[in-house]
Structures are given as structure tokens and as C-alpha cells.
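The structure under discussion is supplied below as C-alpha cells; questions concerning it will follow.
Below, chains carry the letters A, B, ... as their sequence lines are ordered, and counting in each starts from 1.
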Number of protein chains: 2
Amino acid sequence: MSERGRLANHAWEGLLTAHARMMRQFADADIWQDLSMREYDVLYTLSKYTEPLRIGELGRHVLLSQPALSRMVDRLAERGLLERCPDPADGRGVRLSLTDTGRDTQRRIGRRHAAQVARAVTAELSRDELQQLAAICWKLAGAGATNEDTEAERP
Amino acid sequence: MSERGRLANHAWEGLLTAHARMMRQFADADIWQDLSMREYDVLYTLSKYTEPLRIGELGRHVLLSQPALSRMVDRLAERGLLERCPDPADGRGVRLSLTDTGRDTQRRIGRRHAAQVARAVTAELSRDELQQLAAICWKLAGAGATNEDTEAERP
DNA sequence: TTTACGTTTATGCAAACGCATGGACTCTCC
DNA sequence: GGAGAGTCCATGCGTTTGCATAAACGTAAA
């Protein structure tokens, strides 16, 4: 493999390791009430959009299989945190939106989680590093969305 | 929250999004044979050490609960990919090491996965960006471990 | 219209997960 | 040396996940 390829793998392993260590650290904190981090992730994603979201759209932001997401939405709706309405424009689809309770819950947990993230990340990285990390990761994130099909075919 | 805190959260969300998109892309590829990515992760981690690894040590590298990891080790041992031996120096402990089959399997899959990572990541990032990403992520990764012992360095 | 095919979400089922806990062992301090 | 506390791994149990597939709807061509 090329030198550049090795560097890419080193960087990716670093990202994975940072992800794992930070996630564990965040999960250990006592701020999640009766939600799992995955469930919070769903609420957070919904909170970012004013328009109701389709399940498929949600699935592109959350690392979860479609059936698992479907059932998680079930449970969250059961608990009164979000609502599913049939999509008037597409009879197959479902539109998801947070209830007031769901929005409150997301905000309450989100405030503490954001503080937690800020503490953990700013403790280790300078302002320049934060900016570099953000720019690079969002670039990578965009790539994952656009390269989906071109990556599929290959020996 | 401070401007720096907001930047930290933006960077972290970018990292999460990049992680999710890349992971999905990697998982979709048909290179994993009959392993899950989590199982491969265990084999890969073991492959990096010449000495047998304790389960607890393994757990610090893999984002999985201790019982889940214990059972995964069970299954991998059952399938002949790794071996568990009692630790002579600590009666509670177990020492894990890859079998030859396990090592072969890891190498075969690892080659393709590394190529996959190199393709996906180098496609989007310059050499400088790769180096910045690696340096920053490994710094963050180290931060997550700071609370406890300084561990053996990576090969 | 009818047929065939793609898309979006839901369900059956076995496998895997996390939490709580237990048993075996080590360590510390008296 | 022995009691109490801590560490390491395994197991019971209810919940969640992924895979395969079905069901409902949309789209386009015959």
C-alpha cells in the first residue's frame, strides 16, 4: 500500500479510537435519564429540523439498520417523545416530529451533553485544532454521503 | 456556552457524522465474510499485540460492554479464531491470543478493509489533512484514557 | 389498465446486547 | 494469617438488533 494509504489508515484508526474513548466517557456520565445514547441521537436529529422528517432520512443520520430504527421510533412514539403521521404526499411514508415533551427532553439532556462534550474536547485541543478537526471531519462526512454508489462496485 | 465550546461541539458532531457515514459505507462492502465489523475489530486489536491480551485490556479498545465482549470472545474461541488461556500471573484473568486461523482471517479481511479505508479517505483528504486528522484524533484518543494507567504503546 | 419493478416502512425470528449480579481471585491493612 | 474491599470475568434475564421478508404504495412502460 502507498505511503498515503497507510497514513489514511492511521488517521482512520485514530478517529475510531477517539470515537470509542469519547463515547464511553460520555455514556458513563449520569445525564441520560431513561434514554440510551442512540435514542438521544434520534431526538437530537429530529430537533435539528423544523420540518417533519421521513424515517429514511433519519436513517441516513443514525447508524442503525432500518428495522431497528423503525422499532425505536415505535418505542419513542409510545413514550410520547415523538409523533408519526402518514405522509400526505406519499402513502408509503411516515413523517416524524418531536412532541413538546420530546423537545423538552432533548433540550434538557442536550444542554448537559453539550457541556460534557465541550469540557472533554476543549480540554485537549487548541482552537486551531478544533477548527481543523471540524473542517476535516465534515469534509469526510460529506464524502460518505456522495460516494455511496461509486464505492459499491469493486472487486 | 463559550464560542470555543460551540466549536468543540461542532467538531464532535462532524466526527460523529463522518464516523457514521464511513462505517455504513465500509459495512456495505462485501469483504467481511462471516464476521461482523465488531468481531473483526476484536481480531484486529489482538493482531496488533505480540503478547496475549487480557479481556479487560481488549475492552478498552472495543466499544462494547464487558459481558458482551466476554460472550463475543466465547463465540470467536468456539469458531477457532482465538484461544483463551488462564493467566498464570493472575488467577482471575484470561489471556487471549489469535490462533493461526484467526490471524489468517484477520489478515485476509484486513488487507481488503485497509484498501477500502485508503480509497475512501484519501479520495477526500489531502496529505496535510490526513496528517492533521491523525495527530488530532490520536490526541483526543489519548485524552479518553488519561484517567487510568498509561498503557503499552502501539506497534 | 394492467403488469412489472422500485421504494418505503413493518414484522417474524434468531442472535447479540446491556444491566444486574455472582463466583473466583487479589490486595490491603490490621 | 484473616477480614473486608476491590478486580476480573462469567451467567441469568429482559430488551434491542440485524437479516430476511412481507405489505403497501408509487412509477413507468406495455
**Q.** Close residues, residues 72-80 of chain A, relative to DNA chain C [heavy-atom separation under 4.0 Å]
**A.** none
Q | First and last nucleotide of DNA chain D, 5' to 3', lying under 4.0 Å from heavy atoms of chain B | A | dG6(D) to dC13(D)
Q | All salt bridge (Lys or Arg N to Asp or Glu O under 4.0 Å) counterparts of Asp74(B), not counting sequence neighbours | A | Arg84(B)
**Q.** Donor-acceptor contact below 3.5 Å, side chain Thr99(B) vs main chain Leu81(B)
**A.** yes
(Q) Glu51(A): which residues meet the salt bridge (Lys or Arg N to Asp or Glu O under 4.0 Å) condition with it, sequence neighbours left out? (A) none
Q: Tell me which nucleotide among dA16(C), dA10(C), dG18(C) gets nearest to the side chain of Ser65(B).
A: dG18(C)
Q: Report yes if at least one side-chain N or O of Arg84(A) is closer than 4.0 Å to OP1 or OP2 of dA10(C); otherwise report no.
A: yes
Q. Quick one: is Ser70(A) getting a side-chain N or O under 4.0 Å of the dA10(C) phosphate, OP1 or OP2?
A. yes
Q: Mind calculating the distance between CD (Gln66(A)) and P (dT11(C)) to the nearest angstrom?
A: 11 Å
Polar-atom pairs under 3.5 Å, protein N or O versus N or O of nucleotides 25-28 of chain C: list them with distances, or write none.
| unit_1 | atom_1 | unit_2 | atom_2 | d |
| --- | --- | --- | --- | --- |
| dT26(C) | OP1 | Gly91(B) | N | 3.4 |

**Q.** Short N-O contact, Glu124(A) and Arg119(A), less than 4.0 angstrom
**A.** no
Q) In whole angstroms, how far is the C1' atom of dA16(C) from the CG atom of Leu64(A)? A) 14 Å
Q: With sequence neighbours excluded, give me every ring pair (Phe, Tyr, Trp, His ring centres under 6.0 Å) pair touching residues 78-113 of chain B.
A: Phe26(B)-His113(B), Trp32(B)-His113(B), Tyr40(B)-His113(B)
Q: Answer yes or no: is there a donor N or O on one side and an acceptor on the other, between the side chain of Ser70(B) and the main chain of Gln66(B), under 3.5 Å?
A: no
Q.
Test of understanding: with side-chain contact (heavy atoms from CB on, under 4.5 Å), list the residues that count as partners of Asp128(B), not counting sequence neighbours.
A. Ser126(B), Gln131(B)
Q. To the nearest 0.5 Å, what is the distance between CG (Leu7(B)) and NE2 (His10(B))?
A. 7.5 Å
Q | NZ/NE/NH1/NH2 to OD/OE distance under 4.0 Å, Glu129(A) and Lys139(B) | A | yes
Q. For residues 43-59 of chain A, which residues have at least one heavy atom under 4.0 Å from DNA chain D?
A. none
**Q.** Partners meeting salt bridge (Lys or Arg N to Asp or Glu O under 4.0 Å) with Arg71(A) (sequence neighbours left out)
**A.** none
Q) Out of curiosity, does Met37(B) fall in the hydrophobic cluster containing Leu82(B) (side-chain heavy atoms, cut-off under 4.5 Å, transitive links)? A) yes
Q) Below 4.0 angstrom, N of the basic side chain to O of the carboxylate: do Glu57(A) and Arg60(A) qualify? A) yes
Q.
Quick test of your reading: applying salt bridge (Lys or Arg N to Asp or Glu O under 4.0 Å), list the pairs with at least one residue in residues 3-15 of chain B, sequence neighbours left out, ordered by first then second residue.
A. Lys48(A)-Glu13(B), Glu3(B)-Arg6(B)
**Q.** Side-chain touch Leu15(A)/Cys137(A), heavy atoms, less than 4.5 angstrom
**A.** yes
Q: Take the C1' atoms of the five end pairs on each side of the helix from dT1(C)-dA30(D) to dC30(C)-dG1(D), get both axes, and report the angle to 10 degrees.
A: 20°
**Q.** Test side-chain contact (heavy atoms from CB on, under 4.5 Å) applied to Ala20(A) - qualifying residues, sequence neighbours left out
**A.** Leu63(B)
